[in-house]
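Only heavy atoms go into these numbers, but all of them, side chains included; no hydrogens, no water, no symmetry mates. In each ligand, atom 1 is the first atom listed, and ligand 1 is the first ligand listed.
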Amino acid sequence: MKTIAVLTSGGDAPGMNAAVRAVVRSGCENNMRVLGIRRGYTGLINGDMFEMNIRSVSDIIHRGGTMLYSARCPEFKTEEGIDKAVEVCKVNDISGVVVIGGDGSFRGARDLSLKGIPCVGLPGTIDNDIACCDYTIGYDTALSTIMDMVDRIRDTTESHDRCSVVEVMGRRAGYLALSGGIAVGATCILIPEREFDIQADIIDRMRRTQATGKTHFIIVVAEGVADKLRDQGIDGSMGLAAYIQHNTGVESRATILGHVQRGGSPTAKDRIVASRMGHRAVELLKDGIGNRVVAMQKDEILDFDIYEALSMTKHIDMEDYKIAMDISI
Ligand code: ADP
Ligand code: F6P
């Protein structure tokens with residue numbers, strides 16, 4: 001009987017549980033022994049794992065977070081750490097590992113594959129910043145959460161004729177900010193992929209809309225623009241709200257949505273994509289194929305060599321940015 005293992009690594013994302021469920025059930029259906037590894041690569045190095053069966057994953061498809069827990073494991077970035085993990089795989093007869101996480105986790109999966117343990121990566125991150133994928137598990141849920149939260153912020157912003165700066169997650173990518181900004185009709189959107197000028201992109205734009213009778217404003221900024229703001233003398237979202245108030249006279253507040261975006265019950269889309277991807281990962285490992293990343297492009301489930309996947313680049317759709325600016329005025 002073949003043994004495979006599954007782990008979740010890096011920042012958690014809604015839908016990871018649905019992916020774990022698909023891996024475990026598909027593995028069992030294919031007569032495999034499936035081990036669940038706790039806390040990502042930390043658990044792999046320490047041999048913290050348990051045998052799973054089809055009932056181990058009952059009642060989790062609708063839950064956020066990850067039943068396997070997640071972690072960041074600096075030791076796994078070292079040769080010694082990887083060697084320890086390889087040893088644990090050998091001792092436990094593990095002939096394949098499904099790694100659910102972001103591109104950092106895929107680098108680990110690549111290193112482990114190189115040492116003879118076939119790994120398959122599943123893209124799990126709310127940031128949607130994995131180059132080979134149009135879509136990553138967790139993105140849709142995070143977007144819905146952003147929309148719900150900003151709708152609430154809008155109620156109070158409107159009541160007080162204020163401006164609200166809302167900071168959303170996205171360490172290096174503006175997908176959540178751009179799509180979230182479109183969904184809530186934000187007057188201005190700042191993303192790390194686009195250069196901006198506070199005067200032109202925010203102050204002048206607010207004045208233009210004020211001249212047409214607008215009295216409240218939602219500005220969505222990606223977490224990843226902090227450096228660019230600093231270059232313009234502004235200290236984060238709080239600093240931006242203060243700057244806007246000073247330069248427009250519109251009372252302004254800042255809200256950092258934070259980790260609320262990472263939790264909650266996954267949307268239908270995240271559950272379905274995670275289920276399809278988890279199933280594909282087991283199909284690959286069943287055939288002894290490793291060093292792959294499962295991806296979704298135009299609603300199709302594909303898989304790529306991890307090296308190839310990590311060397312790809314992905315560009316945010318600037319046409320979407322233009323649409324947002326044309327219609328949120
Ligand atoms: P994500 O997978 O969400 O991008 P991280 O970048 O934090 O999150 O990576 C998660 C884990 O993957 C790290 O804690 C580490 O154990 C492993 N990892 C990240 N980068 C590498 C690397 N270059 N080589 C080996 N392992 C890595
Ligand atoms: O990668 C997902 C993400 O939520 C980023 O958007 C954010 O910058 C980061 O993780 C925060 O991670 P943590 O708070 O777990 O260190």
Side-chain angles (χ1 to χ4, degrees), residues 6-16 19 37-46 48 64-66 68-86 88 97-115 117 119-133 136-143 145-146 166-180 191-193 220-227 236-237 256-264 270 291 293-294 306-307 309-312 314 316:
V6 54
L7 61 83
T8 49
S9 167
D12 65 347
M16 279 185 164
I37 298 170
R38 296 187 188 89
R39 298 181 177 82
Y41 293 122
T42 307
L44 184 58
I45 286 175
N46 297 326
D48 184 6
T66 159
L68 293 178
Y69 303 90
S70 193
R72 298 204 167 86
C73 175
E75 194 184 353
F76 200 71
K77 292 188 186 176
T78 66
E79 191 79 17
E80 301 76 52
I82 293 172
D83 287 345
K84 275 195 209 168
V86 170
V88 170
V97 183
V98 180
V99 172
I100 308 169
D103 54 5
S105 304
F106 294 168
R107 287 193 178 85
R110 173 202 58 195
D111 293 350
L112 202 54
S113 296
L114 258 182
K115 297 258 180 176
I117 310 294
C119 293
V120 176
L122 299 191
T125 166
I126 64 165
D127 291 358
N128 198 28
D129 62 348
I130 297 191
C132 64
C133 309
T136 60
I137 298 166
Y139 178 58
D140 190 53
T141 307
L143 260 185
T145 305
I146 289 169
V166 183
E167 180 182 310
V168 303
M169 276 188 169
R171 208 175 352 188
R172 288 179 298 265
Y175 294 95
L176 285 171
L178 179 53
S179 298
I191 54 174
E193 295 86 346
V220 173
V221 305
E223 169 191 11
V225 301
D227 290 346
S237 309
I256 297 172
L257 288 186
H259 289 82
V260 71
Q261 298 162 93
R262 283 235 300 253
D270 279 326
N291 200 34
V293 172
V294 177
I306 299 187
Y307 289 94
L310 287 172
S311 64
M312 291 179 184
K314 172 171 167 178
I316 205 157

Under 3.5 Å donor-acceptor, Lys77 side chain and Ile82 backbone
no
Taking NZ, NE, NH1 and NH2 as the nitrogens, is one of them in Lys314 or Asp129 under 4.0 Å from a carboxylate oxygen of the other?
no
Does any N or O in the side chain of Asp12 come within less than 3.5 Å of the main-chain N or O of Thr66, such that one atom is a donor and the other an acceptor?
no
Examine distances only and state if a side-chain atom of Thr136 and a backbone atom of Gly124 form a donor-acceptor pair shorter than 3.5 Å.
no
Using a threshold of 4.0 angstrom between heavy atoms of the protein and any atom of ligand 1, which residues qualify?
Ser9, Gly10, Gly11, Tyr41, Arg72, Cys73, Phe76, Lys77, Gly102, Asp103, Gly104, Ser105, Arg107, Gly108, Asp111
Tabulate distances under 3.5 Å between N/O atoms of ligand 2 and N/O atoms of the protein, writing both atom names on each line.
| unit_1 | atom_1 | unit_2 | atom_2 | d |
| --- | --- | --- | --- | --- |
| ligand 2 | 1 (O) | Asp127 | OD2 | 3.2 |
| ligand 2 | 1 (O) | Arg171 | NH2 | 3.1 |
| ligand 2 | 4 (O) | Arg262 | NH1 | 2.9 |
| ligand 2 | 6 (O) | Asp127 | OD1 | 2.7 |
| ligand 2 | 6 (O) | Asp127 | OD2 | 3.1 |
| ligand 2 | 6 (O) | Gly170 | N | 3.2 |
| ligand 2 | 8 (O) | Glu223 | OE1 | 3.0 |
| ligand 2 | 8 (O) | Glu223 | OE2 | 2.8 |
| ligand 2 | 10 (O) | Arg262 | NH1 | 3.0 |
| ligand 2 | 12 (O) | Arg262 | NH1 | 3.2 |
| ligand 2 | 14 (O) | His259 | NE2 | 2.6 |
| ligand 2 | 15 (O) | Arg72 | NH1 | 3.2 |
| ligand 2 | 15 (O) | Arg262 | NH1 | 3.3 |
| ligand 2 | 15 (O) | Arg262 | NH2 | 3.0 |
| ligand 2 | 16 (O) | Arg72 | NH1 | 3.1 |

Using modelled atom types only, decide if a donor and an acceptor are shared between the side chain of Gln261 and the backbone of Met169 within a distance under 3.5 Å.
yes
Under 3.5 Å donor-acceptor, Thr8 side chain and Tyr69 backbone
yes
So, Tyr139 versus Thr125: side-chain donor-acceptor pair below 3.5 Å or not?
no
Counting only N and O atoms by type, is there a donor-acceptor contact under 3.5 Å from the side chain of Asp270 to the main-chain atoms of Gly138?
yes
Identify whether the distance between the nearest side-chain nitrogen and carboxylate oxygen of Arg172 and Glu223 falls below 4.0 Å.
no
